[in-house]
Each structure stands twice: as C-alpha cells, then as structure tokens.
There are 2 protein chains.
Amino acid sequence: MTEKSSPLALSNQLCFAFYSMSHAFGRAYRQLLEPLDLTYPQYVVLIVLWEQDGLTVKDIGDRLFLDSGTLTPLLKRLETMGHIRRMRDREDERQVRIMLTESGRSLRERAKDIPEHVGCMLGLPPGELRALNQQIAELRSRLHDSIPSPAKPELAAKGRSRT
Amino acid sequence: MTEKSSPLALSNQLCFAFYSMSHAFGRAYRQLLEPLDLTYPQYVVLIVLWEQDGLTVKDIGDRLFLDSGTLTPLLKRLETMGHIRRMRDREDERQVRIMLTESGRSLRERAKDIPEHVGCMLGLPPGELRALNQQIAELRSRLHDSIPSPAKPELAAKGRSRT
DNA sequence: AAAAAATAGATTGCGCACAATTTAAATCCC
DNA sequence: GGGATTTAAATTGTGCGCAATCTATTTTTT
C-alpha cells in the first residue's frame, strides 16, 4: 500500500476536506463581511435571527450546533455593537431572549447579496449546491448520532436513549 | 419569496453546512484522539509528517492551508509533548524543519484505525467518500482562486499573476 | 559591495469553539 | 412545603485560526 492510498493519507481524509473548506469559506466571507464590521460567526447568528427574532440562547445553539460557552461572548459583542439586545425571559428567568435592534435588522439589506457573491466564487449551479447541502446535512446527522455526548444536539437526541 | 427559499436562509448556506460539519468532525475525532492525548489539528499535522518527515513549517502550511501564526504554537506543543523536534535548517536559517521523534512515529500505529472508525460513523461507501472528497477539493481550489490575498496558498498562485 | 526587496518564522492581539464547572431558576418527587 | 433534580446561561481554562507586525536571513538589484 503506497502512502497515497493509505487510509491515513491526508488526501483521503474527508475530515480534512471539510476542515480546510470551512476555513476557506471563512476567509472568503471575511472580506465580504468586513464592510459590515461583522465576523463570520456573528453573521451566521444574525442569519438565524433575521429568520426568527426573539429566540433564546438555547434556540440559537440548537440551530447552529453551538453551546453557550461560544454563544454568550459572541452575543455580548453583537450587543455592544448595537445590533441586538439580550433580555431575561419574564416567564422563565433561566432563558435569555435575543432581540434584533433596528441596526441589526438593517444589516440584512446590506448582506443580501453576499450569498450570490460566494455562489459566483464557487461556480456551482443552484441544483448542485442544493444537492451538496442536503448530502452534507445528512452526513452531519449521522455524525451527531454517533457521538456519545451529554450535550447532544436536540434533534439527534429525539427518540434515542443512552445507557 | 418565503423565508425558507430566501438566499439568506440558513438551510441554503453551503458555508454553514461545511462550518457545522467541520465542527461535528472535530467533536467525533476528539473522542477518538483523547486516548492519544492529541487535539484534532495536532493529529492532522502528524498525518502530514507520517507521509513525509522533515518538512519545513512553510511546507506544512502549504499542505494544510495554515499560516505560521497557527502552526508555530501548535508545533511547539507537539515538541513539548516529545512527538517532534524543531530545528533550523543548516543551509537556510530562515527555515525550521520538523522531525518526528520515535514517540511521534509510534503514534501512527495507534492512530491507524481512526479513519475506519469515522468511516463507520458516516456510513459512506468508499466510492462515494472519494467522490465527495474530490468535489470538495475542487470547490476549495475555486474559493482559494477567488480570494484576493497576499498570502495565497502556493498552488493557487501558480500560473496566475495579480494586478 | 552594499542597499533594497523578498522570504520564513515568531509574536501580538483578537475572536471563536469546546469541555468542565458554577450559579440561578424551574420542575419534579416525597 | 421542602429537598432533589434538571435546565439555561455564564464563567474559566485551553487550543486554535487569522491579520498584522516584527525579526532574522537570503536573494535580488543597483
């Protein structure tokens, strides 16, 4: 077995393909988001809130597969920038709700061309993009299902019990 | 246009698919690598060195699309753990060469079943895995080609001039 | 030969991402 | 009603990942 065909060869590691591609996306988005003074994770959080305002930190974490250790500092920075407000839920004070401000809402208009920009960079027809998106979402589910973890993403934990 | 079919909808963001999948890989590998006391990026660097010992920091950076700000601290930790040695090149003192120690070489034997483990988690036939790997590598090249950057990965810069 | 330019690696600063732990609030059980 | 358990968010600690800058060395240009 040559080095190139070894299961350990770098070029055979699907994980590295995703790792490096994710960083390449990060670098591409960094330039497109720089005029909005946003980082890529901040932009992703705003996308979630543009779809549905008033979500809790847990809601956002479930959608993005991120935990509160990552989200709390990030949301505090967005609040400092004036794009959101963080408020304890009146009915359940364990929960913090995230509301968009006028400034946060207005960023959506400025961001609306970004996906098309990136689509041009990739040169991927919409049908292929959707197919790849769907394939990756399925693989992600399988990985999530396979990871024994106390803080499992909600949708993976449904219907499953752990011993 | 409904929220779900908007170009800004989270479920339509290929970047988020890669971002979240990369993190899912990280979590999966964390458990498999914990017995070897390695982080995922350290493991990826070792994979490169198992293929070819004695590479420079720049060589490793080119292979992994990482810069020296990321690699230098990581390599120092691997050195502290006793898995590698860092040495200035005798002929060109700008370059630092990375040599595996006996400890670093022996980790390869312990790591050899990890890709199969992950393959089981994904449930992807080898042919599909290779096809996906190749498709992602192609997309990564296109993204790299599209990013105007002073520190462009070497292979993207070949044959291209910038004005 | 000497100055200028380029290259390689290291450092600084900042923003994540995650595991583990802590704090506060809500729910459940006796 | 009160204690035990669970849940949500925050905090602590650590390891990246990147941009910008700095230092040292090599190469190129004058």
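The figures that follow rest on heavy atoms only: side chains count, while hydrogens, waters and symmetry mates do not. Residue numbers begin at 1 in each chain, while the letters A, B, ... track the order of the sequences. Computed from a predicted structure; not experimentally measured.
- Between the side chains of B:T56 and B:R97, not a single donor N or O lies within less than 3.5 Å of an accepting N or O.
- Under 3.5 Å, the side chain of A:S68 and the base of D:dA8 form no donor-acceptor pair of N or O atoms.
- Between B:K76 and C:dT11 there is a side-chain N or O to OP1 or OP2 distance below 4.0 Å.
- When the P atom of C:dC18 is taken as reference, atom CG of A:L74 falls 12 Å away, rounded to whole Å.
- Between A:H23 and A:G69, the one whose closest nucleotide on DNA chain D sits nearer the 5' end is A:G69.
- Among the heavy atoms of the strands lying under 4.0 Å from A:T39 are primed sugar atoms or P, OP1, OP2 only; no base atom is included.
- Within the structure, every side-chain polar atom (N or O) of B:T70 is placed at least 4.0 Å from both OP1 and OP2 of D:dG17.
- Atom P of nucleotide D:dA20 and atom CD of A:E34 are separated by 9 Å, given to the nearest angstrom.
- Counted within 6.0 Å of CZ on B:R86, heavy atoms from surrounding residues, nucleotides or ligands total more than 12; the atom is thus considered enclosed.
- Checked against D:dA10, C:dA10, C:dA19, the side chain of B:R27 finds its nearest nucleotide in C:dA19.
- The nucleotide whose nearest atom lies closest to any side-chain atom of A:P41 is, among C:dC16, D:dT26, C:dC18, C:dC16.
- Taking atom CE of A:M87 as the reference point, atom C1' of D:dA9 lies 17 Å away to the nearest angstrom.
- Here B:R94 does not pair with B:D89 in a salt bridge; the nearest charged N to carboxylate O distance is not below 4.0 Å.
- Between the side chains of A:R27 and B:H144, a donor-acceptor pair is found at a separation under 3.5 Å.
- With distances taken from any side-chain atom of A:R77 to the nucleotides C:dG15, D:dT26, C:dC18, the minimum falls on C:dG15.
- Looking at heavy-atom distances under 4.0 Å, B:R97 makes no contact with the nucleic acid at all.
- Here A:R63 does not pair with A:D59 in a salt bridge; the nearest charged N to carboxylate O distance is not below 4.0 Å.
- Not one side-chain nitrogen or oxygen of B:R30 sits closer than 4.0 Å to the OP1 or OP2 atom of C:dC18.
- Using a cut-off of 4.0 Å between Lys/Arg side-chain N and Asp/Glu carboxylate O, B:K76 and B:E79 are scored as not salt-bridged.
- Whole-Å rounding puts the A:D89 CG to C:dA24 P distance at 19 Å.
- Rounded to whole angstrom, the span from the CG atom of B:D62 across to the P atom of C:dT7 amounts to 12 Å.
- Side-chain nitrogen and oxygen atoms of A:Y40 include none within less than 4.0 Å of the OP1 or OP2 phosphate oxygen of C:dG15.
- Nearest to the side chain of B:D92, among C:dG9, C:dC16, D:dT25, sits D:dT25.
- If you check every strand for non-hydrogen atoms under 4.0 Å, B:L71 touches nothing.
- For A:Y19, counting side-chain heavy atoms from C-beta on, the closest listed nucleotide (D:dA10, D:dG17, C:dG15) is D:dG17.
- Remark: the B:H83 side chain and the B:T101 side chain contain no N/O donor-acceptor pair separated by less than 3.5 Å.
- Nearest-nucleotide mapping onto DNA chain C: of A:R94 and A:P73, the residue sitting toward the 5' end is A:P73.
- Proximity note for A:R86 (side chain, C-beta onward) versus C:dG9, D:dA9, D:dT26: the nearest is D:dA9.
- Atom CD in B:Q31 sits roughly 10 Å away from atom P in C:dA20 (whole-Å rounding).
- For the pair B:Q95 CD and C:dA10 P, the computed distance is 12 Å after rounding to whole Å.
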Would you sort out whether B:Y19 and A:F25 count as a ring pair (Phe, Tyr, Trp, His ring centres under 6.0 Å), showing the intermediate values?
-> CA-CA 8 Å; B:Y19 172 83; A:F25 265 124; over 10 Å; no
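- Straight-line distance from the CG atom of A:L75 to the P atom of D:dA9: 10 Å, rounded to whole Å.
- Taking only side-chain nitrogens and oxygens, A:Q42 comes nearer than 4.0 Å to OP1 or OP2 of C:dC16.
- The side chain to side chain donor-acceptor pair (under 3.5 Å) analysis of residues 127-139 of chain A, with sequence neighbours excluded, yields the pairs A:E138-A:R142.
- A stem is defined here as three or more consecutive Watson-Crick or G-U pairs, each with both distances under 3.5 Å; for DNA chain D these stems are C:1-30 with D:1-30.
- The phosphate of D:dA24 (OP1 or OP2) has no side-chain N or O of B:R88 nearer than 4.0 angstrom.
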